[in-house]
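Working notes, beginning with the structure itself.
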Amino acid sequence: MASEQERAMSNRPGEPDLDAPEAPPDDSHHDEAPLDTLSPEERLFRMRHSAAHVLAEAVLELFPEGKYAIGPPIEHGFYYDFDLPRPLTPEDLERIERRMRRTIKRNVPIEGQWIPRDEAREIFADQPYKLELIDEIDDETVGYFRHAEFDDLCEGGHMERTGQVGAFTLTHVSGAYWRGDERRPMLQRVYGALFPTQEELDAHLAAREEAERRDHRRLGRELDLFSTHEEYGPGLIYWHPKGARVRLEMEDLWRHEHLEAGYELVFTPHTGRATLWEQSGHLDFYAESMYSPMDVDGSDFYMKPMNCPFHIQIYKNALRSYRELPVRLAELGTVYRYERSGTLHGMLRVRGFTQDDAHIICTPDQVEDEIVGVVELFLRVLGAFGFDEVRARLSTRPEEKYVGAVEDWDLAEASLRAALERTALEYEVDEGEGAFYGPKIDFDLVDALGRAWQCSTVQFDFNLPERFEMGYIAEDGQEHRPFMVHRALYGSIERFMGILIEHYAGALPLWLAPVQATVIPIADRHVEYAGTVRDALAARRLRVEVDAGGDRMGAKIRKAQLQKVPYMLVVGDREAEGHAVSLRHRALGDLGPTPLAEAVDRVARERDERSPDPEAEQEA
RNA sequence: GCCGGUGUAGCUCAGAGGUAGAGCAGCUGUUUCGUAAACAGCAGGUCGAGGGUUCGAAUCCCCCCGCCGGCUCCA
């Protein structure tokens with residue numbers, strides 16, 4: 001199970017179809033489909049592509065000795081990579097952008113043609129990156145585009161004139177290796193955002209700001225949920241009391257659902273002797289992601305990057321009969337993985353995290369029902385967290401490098417498909433994208449901002465049962481190899497928490513909220529009654545606090561609102577007298593006077609039903 | 001790891017060779033207040049670490065460490 005912890009930002013770029021026109025060999029003019037026949041996506045793709053050319057032109061005007069590499073359209077805009085004599089500054093970006101706007105205003109035609117490779121080699125004689133690209137092109141002609149004085153090697157997909165590129169802004173500059181290869185030169189990449197209209201661009205920029213506002217690192221600090229202490233270990237999370245309350249709710253639900261679904265819970269060690277990792281193959285294939293070994297009594301011990309080898313030991317501790325299968329072993333197992341320092345990101349990409357890991361070991365004819373059970377469990381629990389939109393991706397057997405028998409792969413893939421069909425989940429298929437040891441389904445959940453996060457995964461493993469010689473005695477009295485499935489629902493508790501924080505912008509649903517209600521006495525003489533109110537809520541196991549400080553009521557309300565506490569119970573003379581509270585909800589505002597018992601019932605019911613907030617918290 | 005940026009009070013930030021500042025938070029006091037910020041006072045810092053230049057360094061130089069944005073998108 002190599003990829004529970006996926007890329008921090010796993011939003012998959014909506015790779016537009018390049019749809020390169022075939023080169024008419026006898027016609028040097030580079031024909032492109034007329035603009036008015038294009039879908040909006042293709043049009044946008046062309047706008048972004050053309051803007052990249054305009055960008056390159058502007059940069060090369062400022063740095064005539066600069067080299068340019070590649071500049072494709074991307075999800076929200078475009079970029080272009082350059083090799084320049086000095087690093088670009090924010091002021092440079094402004095100058096570049098001004099020049100780009102000039103070119104766009106001049107509205108010059110963008111023209112393409114096919115030219116012989118030799119001619120291209122002459123044109124780009126002092127452009128090493130272009131020459132490298134030309135050498136890799138198989139045809140005898142290559143695409144060549146120009147507008148005004150600027151020319152570029154390019155297979156096409158452009159607007160007709162520079163005035164047609166839409167609304168854009170340059171966003172940032174960063175380093176990027178030539179061809180994504182860290183052994184090759186580091187280039188400077190200039191990014192731009194581009195949309196057909198200013199309104200759409202503004203909406204995109206606003207969405208970026210919103211995402212920044214929801215950043216779990218910032219909310220985690222403001223809401224006192226967690227911290228990191230870089231000087232004592234980058235990528236390691238410290239859960240504060242309030243964050244731990246949320247985690248406990250996540251874990252309680254998880255344990256309850258897993259016991260209900262027939263899993264057995266286990267605990268396994270955090271470290272094991274090198275021999276275990278040799279047998280599992282991790283030291284051969286996964287060593288670069290493992291913490292360095294520690295010496296214990298003269299042999300090497302490794303922190304575990306995965307739980308599977310331990311669960312396998314539990315399975316193998318007895319001779320297993322087919323009557324015992326399926327065996328489902330589940331653990332909230334904390335693992336440590338060495339992630340490169342530059343990739344660490346808050347709770348979303350860390351070096352120590354708790355996997356909600358389970359291994360199902362079963363016979364071939366149990367496989368399908370087991371997988372269906374897993375998918376149903378996933379959807380039920382993800383739904384409880386408010387993730388109703390889930391996308392699935394089925395990855396099948398790679399063409400070449402794989403272990404195990406083809407029949408077993410076929411059975412496994414069929415069962416994964418069947419589970420997706422039986423749960424009526426929409427899915428796409430990534431042919432040949434499975435791991436070498438088995439096919440899998442990855443689940444992306446979609447958050448309030450429309451971002452997709454890969455969390456859950458079900459993954460067959462034809463490798464470890466072999467390596468550890470797992471077996472069971474079947475009805476025929478012979479030992480057989482069982483099927484083994486890894487699966488994780490949250491993936492990583494840390495990561496899932498980070499996603500939850502961003503999804504809800506910190507306003508977690510009441511059942512998850514660290515503080516579910518704050519009692520606000522108006523004056524000191526109401527503190528005693530506030531205690532009565534608190535006790536009434538606490539008696540129903542609600543997480544409640546009294547704000548007995550010297551602030552005025554308005555300030556206490558503000559504090560509770562900023563802490564995103566779902567309910568505020570204001571108590572003054574009237575309430576103390578009438579055994580009531582004045583109820584306020586963080587999203588609904590003042591709900592007016594309410595008898596204490598009724599208020600308690602309301603809050604407890606919302607907790608028990610795991611209700612989402614009545615009003616759209618999501619919208620900002 | 002690499003490229004660029006960045007690191008000053010718990011938080012957000014100002015200070016750009018002459019001995020460290022604001023707002024918020026905290027503490028103390030006064031106020032006892034009806035649905036998103038009462039008022040006053042006090043305290044708070046080896047300016048990320050180490051080394052160097054200088055009469056003098058938060059400020060300039062070197063070297064570490066951390067954080068932030070990227071490093072997948074193939075003419």
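Below, read A as the first sequence line, B as the second, and so on, with proteins coming before strands; counting in each chain starts at 1.
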Only pairs with both distances under 3.5 Å count, Watson-Crick or wobble alike; so what is the partner of [N] in this structure?
N	answer
B/U30	B/A38
B/G4	B/C68
B/A14	none
B/A49	none

Taking atom [atom1] in both [N] and [M], compute the distance separating them and give it to the nearest angstrom.
N	M	atom1	answer
B/G1	B/G15	C1'	35 Å
B/A57	B/G18	C1'	10 Å
B/C63	B/C2	P	13 Å
B/C68	B/C60	P	24 Å
B/G50	B/C64	P	16 Å
B/A58	B/U53	P	16 Å
B/C24	B/G5	P	34 Å
B/C71	B/G10	P	34 Å

Over how many whole Å does the gap from [X] atom [atom1] to [N] atom [atom2] extend?
X	N	atom1	atom2	answer
A/Arg351	B/C67	CZ	P	8 Å
A/Gln188	B/G69	CD	P	19 Å
A/Ile74	B/G69	CD1	P	16 Å
A/Asp81	B/C73	CG	P	9 Å
A/Glu339	B/C2	CD	P	17 Å
A/Tyr232	B/C67	OH	P	14 Å
A/Arg184	B/U72	CZ	P	13 Å
A/Glu140	B/A75	CD	P	18 Å

Hey, can you tell me if A/His345 and A/His216 have their rings parallel, tilted or perpendicular (30° and 60° cut-offs)? tilted

Anything under 30° is parallel, anything over 60° is perpendicular, the rest tilted; go ahead and classify A/Phe285 against A/Phe436.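 Geometry flag for A/Phe436 against A/Phe285: tilted rings.
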
For a quick check of understanding: with a heavy-atom distance under 4.0 Å over all strands, which category does [X] fall into, base, sugar-phosphate or nothing?
X	result
A/Leu88	nothing
A/Gly554	sugar-phosphate
A/Asp551	nothing
A/Gly180	sugar-phosphate
A/Ile134	nothing
A/Gly589	nothing

Assuming nearest nucleotide by heavy-atom distance, tell me which of A/Gly71 and A/Leu344 is located more 5' along RNA chain B.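 Nearest-nucleotide comparison on RNA chain B picks A/Leu344.
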
Quick check on RNA chain B: between A/Ala176 and A/Ile522, whose nearest nucleotide comes earlier from the 5' end?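 Upstream on the strand: A/Ile522.
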
Does A/Glu575 make a side-chain donor-acceptor contact with the base of B/G34, cut-off 3.5 Å?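 Yes, a donor-acceptor pair under 3.5 Å.
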
Do A/Tyr191 and B/G69 have a side chain to base donor-acceptor pair shorter than 3.5 Å?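 Result: no qualifying N/O pair found.
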
Nearest to the [X] side chain among [options], which nucleotide is it?
X	options	answer
A/Gln561	B/C71, B/G69, B/A36	B/A36
A/Arg552	B/U32, B/C33, B/G34	B/C33
A/Tyr79	B/G1, B/A37, B/C73	B/C73
A/Val142	B/A75, B/G69, B/G34	B/A75
A/His345	B/A75, B/A36, B/G69	B/G69
A/Ala555	B/U32, B/C73, B/A38	B/A38
A/Ser174	B/G69, B/C2, B/G4	B/G69
A/Met186	B/G1, B/G70, B/A36	B/G70
A/Ile137	B/G34, B/A75, B/A36	B/A75
A/His172	B/A36, B/G70, B/U32	B/G70

Excluding sequence neighbours, so at least two apart, what forms side-chain contact (heavy atoms from CB on, under 4.5 Å) with A/Glu182? A/Tyr177, A/Arg340

Can you check whether [Y]'s main-chain N or O pairs, donor with acceptor, with [X]'s side chain at less than 3.5 Å?
X	Y	answer
A/Arg337	A/Pro305	yes
A/Arg586	A/Lys564	yes
A/Gln164	A/Arg161	yes

Could you check whether A/Trp178 and A/Tyr129 have their ring centres less than 6.0 Å apart? yes

Test ring pair (Phe, Tyr, Trp, His ring centres under 6.0 Å) on A/Tyr80 and A/Phe82 and set out the steps. CA-CA 7 Å; A/Tyr80 215 112; A/Phe82 304 96; 5.2 Å; yes

Does A/Phe226 form a ring pair (Phe, Tyr, Trp, His ring centres under 6.0 Å) with A/His240? I'd like the steps, not just the answer. CA-CA 5 Å; A/Phe226 73 94; A/His240 294 198; 7.6 Å; no

Respond yes when some side-chain nitrogen or oxygen of [X] is under 4.0 Å from OP1 or OP2 of [N], and no when none is.
X	N	result
A/Arg221	B/U12	yes
A/Arg525	B/C33	yes
A/Arg217	B/C68	yes

The glycosidic conformation of B/A16, counting syn as within 90° of 0 and anti otherwise, is syn

